[in-house]
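Working notes, beginning with the structure itself.
We count ligands from 1, going down the list as the structure has it; atoms in each ligand are counted the same way.
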Amino acid sequence: MSISSFNPPIRTLMGPGPSDVHPRILEAMSRPTIGHLDPLFVSMMEEVKIMLQYAFQTKNELTIPVSAPGSAGMETCFVNLVEPGDKVIVCQNGVFGGRMKENVERIGATAIMIEDEWGKAVDCNKVEDALKANPDAKVLAFVHAETSTGAQSDAKTLCALAHQYDCLTIVDAVTSLGGSELKVDEWEIDAIYSGTQKCLSCTPGISPVSFSERAIEVIKNRNHKVQSWFMDLNLVMGYWGGSAKRAYHHTAPVNALYSFHEALVMLQDEGLENAWQRHTQNHLALRAGLEAMGLSFVVDEADRLPQLNAVTLPAGVDDAEIRGKLLNEFNLEIGAGLGALAGKVWRIGLMGHSSRAENIMLCLSALEAVLGDSIKQGVAVSAAQKVLTA
Ligand SMILES: *Cc1c(COP(=O)(O)O)cnc(C)c1O
């Protein structure tokens, strides 16, 4: 048997993540591997923390990348803040709220579920009712940007409500960080996790997290040991903590952190507000094109995520066949619907480096090419161009 090197094609990634990785970030990843306790690596880790604080808009000391994907960031937040017997109010309006429930229940805690229709934002009134009805709830958990549907929830209002009722907050910002407004300190978020492969356009496999002082107090004063040794922040803090003396905890993914450092340098150079603005502007251009061809959005305008555009399939069109053609004929990946929306919607991502005019044009013209008579032909590209040059 002879297996040769793997050489992937160059695709345009316009699904729910990963997004296109900038060549600068890929190049950073191939720099020489050094030891994870090498003083030079340690000082790079410090820079990663400082730039992450900027991305999250926080002064939280405990702002670090977890050495694993977004799902591990989620689990890090839950296993550290929640103990067996606790009560957690979990908002579900798509796939990821369901995973939060799994996390809570596997800890041996109780999840009080607030359910909203897929494609809608979390209903703040229902959350307030639940907070009133459950004065013993310890945590409110919700997804800021629900990638499975393209809906954005009002994180600022939800966090204010939680604190009014003396609850901690756990916020999923995997798809919002770097793509839409997010202010950890101003909104008083207690625990937040994200991913590198969505609006930060970095290689997948790292999960930035941040914890408030309030959250750290809770973690330090737990009654039970954190069930996960790897994710126990009491131990991780010794590795990432501010002190000069770093204790070995695990081997950091050295090269992946080079690429993350580069992604954060690029975000800093662009400016956070400019990045948010770019995501919004490109969303409006893509939207103009999609609507011109006759496609309609799943989410109400007020709650739409700029970085994840969910549209309903035209009647009589085969989902898998069209996505297959886009991939094989145009090297273009778009996302399928998940769960209740499977086979009914497409999710077109404009995240990070994927959020560019050339991708919008490729996507619109490729959709025209493969959809034929099921949409209005010849109008999408000019509709988008009008927005881009406005
Ligand atoms: C992608 C995503 C996750 C999971 O991240 P992974 O890196 O795939 O583990 C969690 N929450 C949301 C909202 C996401 O979009």
Side-chain angles (χ1 to χ4, degrees), residues 13-21 52 55-56 64-79 90-104 106 116 118-122 141-155 158 169-182 189 191-210 228 230-231 253 256-257 259-260 263 279 298-299 303-310 333-341 345-352 354-355:
L13 302 179
M14 297 182 74
S19 55
D20 287 344
V21 179
L52 251 188
F56 275 128
I64 57 168
V66 172
S67 305
S71 305
M74 177 188 280
E75 196 143 346
T76 297
C77 290
F78 281 92
V79 296
V90 175
C91 306
Q92 179 167 17
N93 60 340
V95 167
F96 294 100
R99 293 198 181 172
M100 289 178 152
K101 176 176 191 256
E102 272 294 315
N103 270 271
V104 170
R106 283 170 192 234
D116 281 293
W118 288 38
K120 300 275 186 238
V122 171
F142 65 89
V143 179
H144 184 207
E146 188 39 93
T147 326
S148 63
T149 67
Q152 173 152 244
S153 291
D154 184 351
L158 290 169
T169 46
I170 295 179
V171 179
D172 179 322
V174 176
T175 285
S176 51
L177 184 66
S180 38
E181 188 184 34
L182 174 63
I189 292 170
I192 189 163
Y193 59 93
S194 188
T196 46
Q197 79 276 27
K198 307 218 176 170
C199 294
L200 299 177
S201 262
C202 187
T203 48
I206 289 182
S207 175
V209 296
S210 184
S228 160
F230 182 69
M231 289 170 191
L257 284 167
S259 70
F260 190 38
H279 282 88
V298 173
V299 177
D303 302 326
R304 263 176 222 163
L305 278 171
Q307 58 274 55
L308 200 284
N309 298 266
E333 178 179 282
I334 65 167
L338 286 182
L341 300 176
V345 310
W346 286 317
R347 293 178 301 147
I348 305 177
L350 283 174
M351 299 183 184
S354 291
S355 179

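Near Gln197, the atoms of ligand 1 lying under 4.0 angstrom from a non-hydrogen atom of the residue are 6 (P), 7 (O), 8 (O). Below 4.0 Å from some heavy atom of Thr175 lie the following atoms of ligand 1, by number and element: 15 (O).
Atom CG of Leu158 and atom OG1 of Thr169 lie 9.5 Å apart (nearest 0.5 Å). Atom CG of Asp20 sits about 13.0 Å away from atom CD of Gln197, to the nearest 0.5 Å.
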Next on the checklist: For a side-chain contact (heavy atoms from CB on, under 4.5 Å) check, start with the C-alpha distance between Asn309 and Leu350, then their side-chain angles and the critical distance, and finish with the verdict.
Outcome noted: CA-CA 8 Å; Asn309 298 266; Leu350 283 174; 3.9 Å; yes
Item to check | Trace of the side-chain contact (heavy atoms from CB on, under 4.5 Å) decision for Met351 with Leu308 | outcome: CA-CA 7 Å; Met351 299 183 184; Leu308 200 284; 4.0 Å; yes
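Using a 4.0 Å cutoff on heavy atoms, Ala145 counts as a contact of ligand 1.
For Ser71, a nitrogen or oxygen atom sits less than 3.5 Å from a nitrogen or oxygen atom of ligand 1, counting backbone and side chain alike. An N or O contact shorter than 3.5 Å links Gly70 to ligand 1 by distance.
For atom 3 (C) of ligand 1, the nearest non-hydrogen atom of the protein is Phe96 CE2, 3.4 Å. In this structure, atom 15 (O) of ligand 1 lies nearest to the protein heavy atom Thr147 OG1, 2.3 Å. Of all protein heavy atoms, the one closest to atom 11 (N) of ligand 1 is Asp172 OD2, 2.7 Å.
In this structure a side-chain-to-backbone donor-acceptor pair under 3.5 Å is missing from Glu333 to Gly335.
A donor-acceptor contact closer than 3.5 angstrom is absent between the side chains of Glu146 and Ser153. In this model, a donor atom of one side chain and an acceptor atom of the other lie less than 3.5 Å apart for Gln152 and Ser180.
Taking only non-hydrogen atoms, the option from His144, Lys198, Glu146, Gln307 nearest to atom 14 (C) of ligand 1 is Lys198.
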